[in-house]
Amino acid sequence: MMKYNINNLIDLPLIHDPRGDLTFIEGGKHVPFQIARVYYLYNVPVDAERGGHAHRALEQVIFALSGSFRVKLDDGTHKAEYWLRDPRRGLYLKNLVWREMDSFSQGAVCMVLASKPYDEQDYIRSYDQFIVEVQKAKP
Ligand code: T46
């Protein structure tokens, strides 16, 4: 598969200390939006597949706080694949990006920072409908 940078990796600050490492996130500074919602996935079976949808307006940054998993992205033109395994490194997802997540390691924890509260109307759960809306959104 062709690799193409349709999204950005974000490296967070690290405060290293003999007592343990500390990383912090400020909305609008370390992520490109004010944080309206935080959620996390855990107890994910290693053979589970999550995602399988896009969002009309939502922006998010996804982190592997613990363990690792794969994120497959598709903006309707380009596809990309990321393995997240560093709690300091987040994957920024703009709106209108189809995402699929799998290959969760045992005990993986996925934390997501989101630009808006939960809204089912923001979801596009059909890939065909996603392509229609991507075409419509083109300048
Ligand atoms: C993404 C990946 C990483 C809520 O009630 N509130 C919430 O904030 C969320 C995120 C979900 N839900 C409900 C809606 C569904 O009934 O929880 C159920 C599962 O949600 P969803 O299908 O969104 O779960 P995932 O893990 O497939 O996808 C989510 C995000 O939607 C998605 O944008 O990137 O996590």
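Excluded from the calculations below are hydrogen atoms, water molecules and symmetry mates; all remaining heavy atoms, backbone and side chain alike, are included.
Note that OG of Ser115 and CD of Gln60 are 7.5 Å apart. Values are rounded to the nearest 0.5 Å. Taking CG of Leu84 as the start and CG of Leu9 as the end, the distance is 7.0 Å to the nearest 0.5 Å. Summarising the geometry, atom CG belonging to Asp119 is positioned 9.0 Å from atom CG belonging to Leu58; distances are rounded to the nearest 0.5 Å. Taking NZ from Lys79 and CD from Glu100, the interatomic distance works out to 8.5 Å, rounded to the nearest 0.5 Å. For the atom pair CD of Glu59 and CZ of Phe33, the computed distance is 6.0 Å after rounding to the nearest 0.5 Å.
Annotation: side chain of Leu41 is not in contact with side chain of Val109 (no heavy-atom distance under 4.5 Å). Proximity of Val71 to Trp83: side-chain heavy atoms (C-beta onward) are nowhere separated by under 4.5 Å. You'll find the side chain of Ile15 stays beyond 4.5 Å of the side chain of Thr23, heavy atoms only.
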| message | What verdict does the side chain to side chain contact (heavy atoms under 4.5 Å, CB included) test give for Leu73 and Trp98, after you've listed the backbone C-alpha separation in whole Å, the side-chain angles of each residue and the deciding distance to 0.1 Å? | response | CA-CA 6 Å; Leu73 303 176; Trp98 190 266; over 6 Å; no
| field | Test log, rule side chain to side chain contact (heavy atoms under 4.5 Å, CB included), inputs Leu93 and Ile62 | value | CA-CA 8 Å; Leu93 275 72; Ile62 302 183; 3.9 Å; yes
| field | Stepwise side chain to side chain contact (heavy atoms under 4.5 Å, CB included) test for Asp102 and Asp47 | value | CA-CA 7 Å; Asp102 64 9; Asp47 57 353; over 6 Å; no
| field | Check against side chain to side chain contact (heavy atoms under 4.5 Å, CB included), Val61 and Leu91 | value | CA-CA 5 Å; Val61 184; Leu91 177 62; 5.8 Å; no
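Closest heavy-atom contact between Ala54 and Arg99: CA-NE, 4.2 Å. Contact detail for Arg85 and Ser68: the closest heavy-atom pair is CB-CB, 3.7 Å.
Side chain of Arg88 to backbone of Leu12: a donor-acceptor contact under 3.5 angstrom is found. With hydrogens and angles ignored, the 3.5 Å screen pairs a side-chain donor or acceptor of Asp122 with a backbone N or O of Ala57. Counting only distance, with no hydrogens or angles, the side chain of Ser66 and the backbone of Ala108 share no donor-acceptor pair below 3.5 Å. Although no hydrogens or angles enter the test, the distance criterion places no donor-acceptor pair under 3.5 Å between the side chain of Ser103 and the main chain of Phe69. Listed for the Arg50 side chain is no donor-acceptor partner under 3.5 Å among the backbone atoms of Ala48. Formation of a donor-acceptor pair under 3.5 Å by the Arg89 side chain with backbone atoms of Phe63 is not found in this model. Side chain of Arg37 to main chain of Lys116: a donor-acceptor pair is present (N/O by atom type, distance under 3.5 Å, no hydrogens or angles).
Using cut-offs of 30° and 60° for the angle between ring planes, the Tyr123 and His53 rings count as tilted. Between Tyr42 and Tyr40, the ring planes lie tilted relative to each other; the angle falls in the 30° to 60° range.
Grouping the Ile, Leu, Val, Met, Phe, Trp and Tyr side chains by contacts below 4.5 angstrom, directly or via other members, places Ile10 apart from Leu14. Under the 4.5 Å side-chain heavy-atom criterion for Ile, Leu, Val, Met, Phe, Trp and Tyr, Val112 and Phe24 are members of distinct hydrophobic clusters. Placement of Val97 and Tyr118 in two distinct hydrophobic clusters is found when ILVMFWY residues are connected by side-chain heavy-atom separations under 4.5 Å, directly or transitively.
At a threshold of 4.0 Å, the pair Lys72-Glu49 does not count as salt-bridged, since none of the basic side-chain nitrogens sits closer than that to a carboxylate oxygen.
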Mind listing the side-chain donor-acceptor pairs of residues 130-139 below 3.5 Å, one per line with the distance, residues two or more places apart or on another chain?
| from | atom 1 | to | atom 2 | distance (Å) |
| --- | --- | --- | --- | --- |
| Glu133 | OE1 | Arg56 | NE | 2.9 |
| Glu133 | OE2 | Arg56 | NE | 3.2 |
| Glu133 | OE2 | Arg56 | NH2 | 2.7 |
| Glu133 | OE2 | Gln129 | NE2 | 2.7 |

